[in-house]
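Notes follow once the structure below has been shown.
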Amino acid sequence: MKIDILTLFPESFSYLSSSILKRAQESGAIEIELHDIREFSKDKHKKCDDYPFGGGAGMLMTPQPVFDAIKHVQRDSSTIILPSPGGSTFDVQTAKSLAEKEHLIFVCGHYEGIDQRIIDIFKPMEISIGDYVLTGGELPAMVMVDAISRFVDGVISADSLTEESFSCGGLEYPQYTRPAEFMGHKVPEVLLSGNHAEIEKWRKAMSLEKTKALRPDLLKKKDDPTK
Ligand code: ADE
């Protein structure tokens with residue numbers, strides 16, 4: 001999968017070149033390319049923002065540099081994503097379905113946002129990562145790229161995906177590694193027993209208990225055939 005990220009702040013994306021996503025790029029499972037929107041500005045000072053018509057707080061990104069940056073990377077197969085607090089909420093289903101796409105373009109707004117004509121022209125998917133407002137689309141783009149990449153073949157093991165939170169509608173069971181006792185806290189006996197059927201039973205029970213305590217809404221969703 002190819003992911004192009006258009007931003008005024010390419011330096012803020014260093015996270016994407018570390019750890020698992022670094023390996024995913026080295027293996028060719030995903031290719032991520034950053035593009036500085038400012039380089040597309042035709043303004044002699046490379047200006048990319050201006051005051052909103054009609055007044056109001058803050059600055060808006062002007063349409064020309066964003067339009068040219070999108071045109072530079074867009075193909076027939078592209079899915080354009082605009083991180084926006086006003087978009088539909090990102091979740092595991094969205095991540096899975098975007099992981100099937102061949103080419104994603106993230107357009108990161110900054111300041112008070114992007115001129116509406118960019119949305120009217122390109123009709124991007126507007127996606128929010130939660131009900132709060134961030135200073136720009138960079139962090140949401142990173143969050144989405146990370147979550148989507150995990151579902152691209154070859155990025156992480158298939159086992160990790162089936163066992164984790166949300167994949168079965170609930171939260172993942174607690175996990176332990178060595179030592180078997182830490183600060184007086186012991187690893188549950190069943191996990192040391194080697195009895196796989198019992199371990200499986202314990203994990204299911206713990207997963208349910210944790211979901212009930214922390215995210216009961218997920219259980220309601222699971223029981224409701226309309227969700
Ligand atoms: N840009 C600013 N806030 C955002 C949010 N919550 N989700 C996606 N993009 C945003």
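Since we're looking at a predicted model, the values are computed, not measured. Both counts, for ligands and for their atoms, begin at 1 and track the order of listing.
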(message) Could you tell me, atom by atom, which parts of ligand 1 come under 4.0 Å of a heavy atom of Y132?
(response) 3 (N), 5 (C), 6 (N)

(message) For G58 versus P52, what's the shortest heavy-atom pair and its separation?
(response) O-CD, 3.2 Å

(request) Identify, for atom 7 (N) of ligand 1, the protein heavy atom at the shortest distance, and state residue, atom and that distance. (result) I129 N, 3.0 Å

(message) Can you give me the closest heavy-atom contact between Q25 and S17, atom names plus distance?
(response) NE2-CA, 4.4 Å

(request) Report yes or no: does G87 have a heavy atom closer than 4.0 Å to ligand 1? (result) no

(request) With L104 as reference, evaluate I81, I5, I30 under the side-chain contact (heavy atoms from CB on, under 4.5 Å) test and give the passing residue. (result) I81

(message) Geometry only, no angles: is G137 polar-contacting ligand 1 at N/O separations under 3.5 Å?
(response) no

(request) May I ask you to decide if the ring planes of Y111 and F9 are parallel, tilted or perpendicular, using 30° and 60° as cut-offs? (result) perpendicular

(request) Can you pull out the closest protein heavy atom to atom 1 (N) of ligand 1? Residue, atom name and distance to 0.1 Å, please. (result) P85 CD, 3.5 Å

(message) Please tell me whether F40 and F67 form a close aromatic pair, meaning their ring centres lie under 6.0 Å apart.
(response) no

(message) I'd like the name of whichever of T89, D131, L134 reaches closest to atom 2 (C) of ligand 1 through any heavy atom.
(response) L134

(message) I'd like to know if K201 pairs up with E198 as an ion pair, taking the criterion as any Lys NZ or Arg NE/NH1/NH2 lying under 4.0 Å from an Asp or Glu carboxylate oxygen.
(response) yes

(request) Do me a favour and list the nearest non-hydrogen protein atom to atom 9 (N) of ligand 1 with residue, atom name and distance? (result) S84 N, 3.0 Å

(message) Need the ligand 1 atom indices (1-based, order shown) with element for anything under 4.0 Å from a heavy-atom of V133.
(response) 3 (N)

(request) Could you tell me whether some N/O pair between P140 and ligand 1 is separated by less than 3.5 angstrom? (result) no

(message) Looking only at distances, can you tell me whether any N or O atom of G130, backbone or side chain, sits closer than 3.5 Å to an N or O atom of ligand 1?
(response) yes

(message) Can you confirm whether more than 12 heavy atoms, excluding those of Y15, are under 6.0 Å from its OH atom?
(response) no

(message) Checking Q74 against H103 for the side chain to side chain donor-acceptor pair (under 3.5 Å) test, could you report, in this order, the C-alpha distance in whole Å, the side-chain angles of both residues, the deciding distance, and whether it holds?
(response) CA-CA 9 Å; Q74 191 180 25; H103 182 216; over 6 Å; no

(message) With heavy-atom distances below 4.0 Å as the criterion, list the atoms of ligand 1 near I127.
(response) 8 (C)

